Amino acid sequence: MNTPRVRFAPSPTGYLHIGGARTALFNWLFARQHKGQFMLRIEDTDLERSKEEYVDQITDALSWLGLNWDEDIVLQSNNKSRHEEMVAKMLDNGTAYRCFFQKEELDDLRLASEQKKEVFRVPETYRDLSDDEVQELLNQGKSFTVRLKVPEGETEFTDLVYGTIKVQNKDLDDFIIARSDGSPTYNFVVAIDDSDMNISHVVRGDDHLANTPKQILVYRALGLNEPIFAHLPMILGSDKKRLSKRHAATNVQEYKNKGFTATAILNYLSLLGWNPDSDKEIFNQEGLIESFQFDQVQKKSAVFDEKKLLWISQQHLTKMSVRDAMNEIYKLNPDWGDGLDWNYLKEIVKLIKDRSKTITEIADMSGLFFQELLKYDKDLISKIFSDEAIAILTDFKSALEGCDTWNRSEIELIFDNLMAQHVVQIGKVMKPIRVALTGITFGPGIFDLILLLGKDICLKRVRNLLSILD
RNA sequence: GGCCCGUUCGUCUAGUGGUUAGGACUCAUGGUUUUCAUCCAUGCAACAGGGGUUCGAUCCCCCUACGGGCUGCCA
């Protein structure tokens, strides 16, 4: 195989959603694996809905995911004259014709067919007019669309995912390639642009599967080389409906904000509709590039499951170095740990990274190291602090005050003494102290916590809580 | 309506003309751990239905059902 050239071709009518990201990912993986090119084309011909800001959002999201594209971004709107040229060419070579039906006429006909439960086809009234007849209508100033003259026979292609797809051409209507205002339509331009960009493999969502034969007809009408097609199954929401704005989070940006790393998202997305032919599930970008294969892509649509994403995210976090984790936190929140000693921050992250599922969780948990005093939940306090717990905490305070050496064994000794003094198990000692120091009942090991917080802060928090309890 | 595509645990998936239908996530239980998380163990849980073909179908064929896409002067 020559090195492939693939493209991701979003229309800038919204942010980059999860489904688009997966399509982009598979294109990118395929290109990178075969040392080919991954191109980005913005399909901005729908002037009504296309917005400049969405182009930025999409490219930002792709960049953040690390799905870097080659060569300059192609704006479909820039190819206008080329499209017009090709329409003229098809008119010229007889593979297309001017259709003088007005929209309203067709709407009526379509409605009538539907009511009679008949299949609607555009009447062939204008399909084979002579040049003179056409000229006559043009002279009358009648507006027209340009339709592709679908030939007899059948159209067949081999899809890398779906295998051989065959349709009877009679089931295809002569479809419009240029509107009455002269602007070309999607099924036409997509073929022209892909051909002009020398795209070797068209990899896209399977909502385009049914359009593919039409596009092939365009290639053939113009004598262009047909690319290889690969259609990817849809990604669905938990209600099994196509992912849309109705669903919780579909925007890649939202997942970034929730604290998922690009690697985790890419990893999860790759497993939606593809399997690596092994039990391995955790991949970084390099691993995915190495393993990706179209013949292991699923035909069935897949439901997006955030629980599994969380699990994958956590797996990546435990593999991640403390330094990388810190960088991820800074990327998410540049003000994180402002003014604090880098080594101190590093120790904090080291302590909480492996028990977090997302970057956000690390950042949130680290908050308890950033202030002197904490706010406490009333219910929790009243639940935890029995008289005995208060006594233990009071003794803990005294022990801290008398503690001159600050190391782990010293602290462990304090706990041992408290246990002996009050004749209780370690849990009874630990729980009130943990809550006093963190405000919560879970988190890093208590000794590590105390050690890192430092004697000063620990004492301040304990004294503060004791005064509240009073 | 027509055309195209699909259907294995709740979810992501593996798999085979004869298997106890495998793994992962979730969930439950137990163990490890100073808490939590991790980790480990165990458990729950699936071949859409009906016909064929066959000694034998989850697997091959047909039909049905269900889901999705296309059927636009949207992309």
Side-chain angles (χ1 to χ4, degrees), chain A residues 9-13 43-46 48-50 76 99 101-103 106-107 110 113-114 116-121 143-147 159 161-163 165-168 170-173 175-187 189-190 205-214 231 233-234 236 238 240-242 268 271-282 296 298-312 314-315 318 352 354-357 361 412 415 419 425-431 433-435 438 440-449:
Chain A
S11 54
T13 53
E43 310 223 314
D44 57 346
T45 45
D46 183 351
E48 299 280 304
R49 296 194 298 150
S50 294
Q76 189 159 66
C99 170
F101 279 117
Q102 303 303 298
K103 191 175 191 313
L106 288 175
D107 287 345
R110 205 182 326 262
S113 294
E114 272 169 31
K116 282 188 280 181
K117 301 225 184 281
E118 286 173 2
V119 176
F120 175 75
R121 285 281 115 84
S143 73
F144 62 90
T145 58
V146 179
R147 290 182 185 271
D159 188 278
V161 173
Y162 284 91
I165 307 275
K166 186 159 74 175
V167 295
Q168 300 302 313
K170 66 176 171 52
D171 292 326
L172 265 22
D173 215 357
F175 58 95
I176 291 175
I177 61 171
R179 305 181 182 92
S180 50
D181 66 0
S183 66
T185 59
Y186 170 75
N187 281 312
V189 294
V190 75
D206 77 3
D207 45 340
H208 292 291
L209 195 60
N211 281 327
T212 305
K214 294 182 182 179
H231 288 88
M234 302 269 94
L236 311 177
S238 50
K240 303 227 177 195
K241 299 280 185 211
R242 187 178 180 164
Y268 178 63
L271 262 20
L272 237 36
W274 171 75
N275 85 81
D277 208 18
S278 77
D279 283 346
K280 195 176 168 193
E281 293 197 285
I282 302 304
Q296 282 153 183
Q298 206 77 227
K299 296 183 184 73
K300 169 182 96 159
S301 46
V303 173
F304 187 88
D305 177 20
E306 193 167 325
K307 286 249 174 67
K308 182 107 185 198
L309 206 210
L310 275 167
W311 178 77
I312 285 178
Q314 179 211 81
Q315 296 290 313
T318 59
I352 55 189
D354 288 354
R355 34 170 52 81
S356 304
K357 287 186 164 67
E361 274 183 29
E412 286 184 22
F415 274 72
M419 281 157 65
Q425 298 285 303
I426 185 148
K428 292 267 190 188
V429 174
M430 204 198 65
K431 203 159 211 174
I433 294 175
R434 172 181 292 284
V435 171
T438 67
I440 49 179
T441 55
F442 55 89
I446 192 75
F447 303 130
D448 294 327
L449 199 61

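Bear in mind that the values here come from a model prediction, so they are computed numbers and not experimental data. So you know, we letter chains A, B, ... as the sequences are listed, proteins then strands, and number each from 1.
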When all nucleic acid strands are considered with a 4.0 Å heavy-atom cut-off, which category describes A:Ser11: base, sugar-phosphate, or nothing?
sugar-phosphate

How is A:Asp46 classified with respect to the nucleic acid when contacts are heavy atoms under 4.0 Å: base, sugar-phosphate, or nothing?
sugar-phosphate

Of B:rU35, B:rG69, B:rG6, the nucleotide closest to the side chain of A:Lys300 is B:rG6

CD1 of A:Ile177 versus P of B:rG72: gap in Å, rounded?
16 Å

Check: B:rU71 base within 3.5 Å donor-acceptor of A:Arg121 side chain:
no

A:Gln298 side-chain N/O to B:rA14 phosphate OP1/OP2 under 4.0 Å
yes

Please work out if A:His208 contacts a base, only the sugar-phosphate, or nothing of the nucleic acid, heavy-atom cut-off 4.0 Å.
base

Assign A:Gln314 to base, sugar-phosphate, or nothing according to its heavy-atom contacts below 4.0 angstrom with the strands shown.
sugar-phosphate

Reckon A:Gly443 touches a base, only the sugar-phosphate, or nothing at all at heavy-atom distances under 4.0 Å?
base

Look at all strands and tell whether A:Ile446 reaches a base, only sugar-phosphate, or nothing, counting heavy atoms closer than 4.0 Å.
base

So, is A:Arg110 close to the B:rG2 phosphate, meaning a side-chain N or O under 4.0 Å from OP1 or OP2?
no

Please give, in whole Å, the distance from B:rU71 C1' to A:Lys117 NZ?
16 Å

With sequence neighbours excluded, what pairs up with A:Gln314 under the side-chain hydrogen bond (donor to acceptor under 3.5 Å, both in side chains) test?
none

For B:rG69, take OP1 and OP2 only and decide whether either is under 4.0 Å from a side-chain N or O of A:Arg242.
yes

Within the structure shown, what part of the strands sits under 4.0 Å from A:Phe101 by heavy-atom distance: base, sugar-phosphate, or nothing?
base

A:Asp171 has an atom CG; how far is it from atom C1' of B:rC5, in whole Å?
15 Å

Taking any heavy-atom pair under 4.0 Å as a contact, classify A:Glu114: base, sugar-phosphate, or nothing.
nothing

For nucleotides 41-45 of chain B, which of its nitrogen or oxygen atoms have a protein nitrogen or oxygen under 3.5 Å away, and what is each distance?
none

What is the nucleic acid contact for A:Gln315, judged by heavy atoms within less than 4.0 Å: base, sugar-phosphate only, or nothing?
sugar-phosphate

Nucleotide of B:rA75, B:rC12, B:rG69 approaching A:Ala302 most closely (side-chain heavy atoms)
B:rC12

Residue among A:Thr212, A:Asp207, A:Ile165, A:Val161 satisfying side-chain contact (heavy atoms from CB on, under 4.5 Å) with A:His231
A:Thr212

So A:Pro444, base contact, sugar-phosphate only, or nothing? Heavy-atom distance under 4.0 Å.
base

Select base, sugar-phosphate, or nothing to describe what A:Lys431 touches, counting heavy atoms under 4.0 Å on all strands.
nothing

Within the structure shown, what part of the strands sits under 4.0 Å from A:Gly273 by heavy-atom distance: base, sugar-phosphate, or nothing?
sugar-phosphate

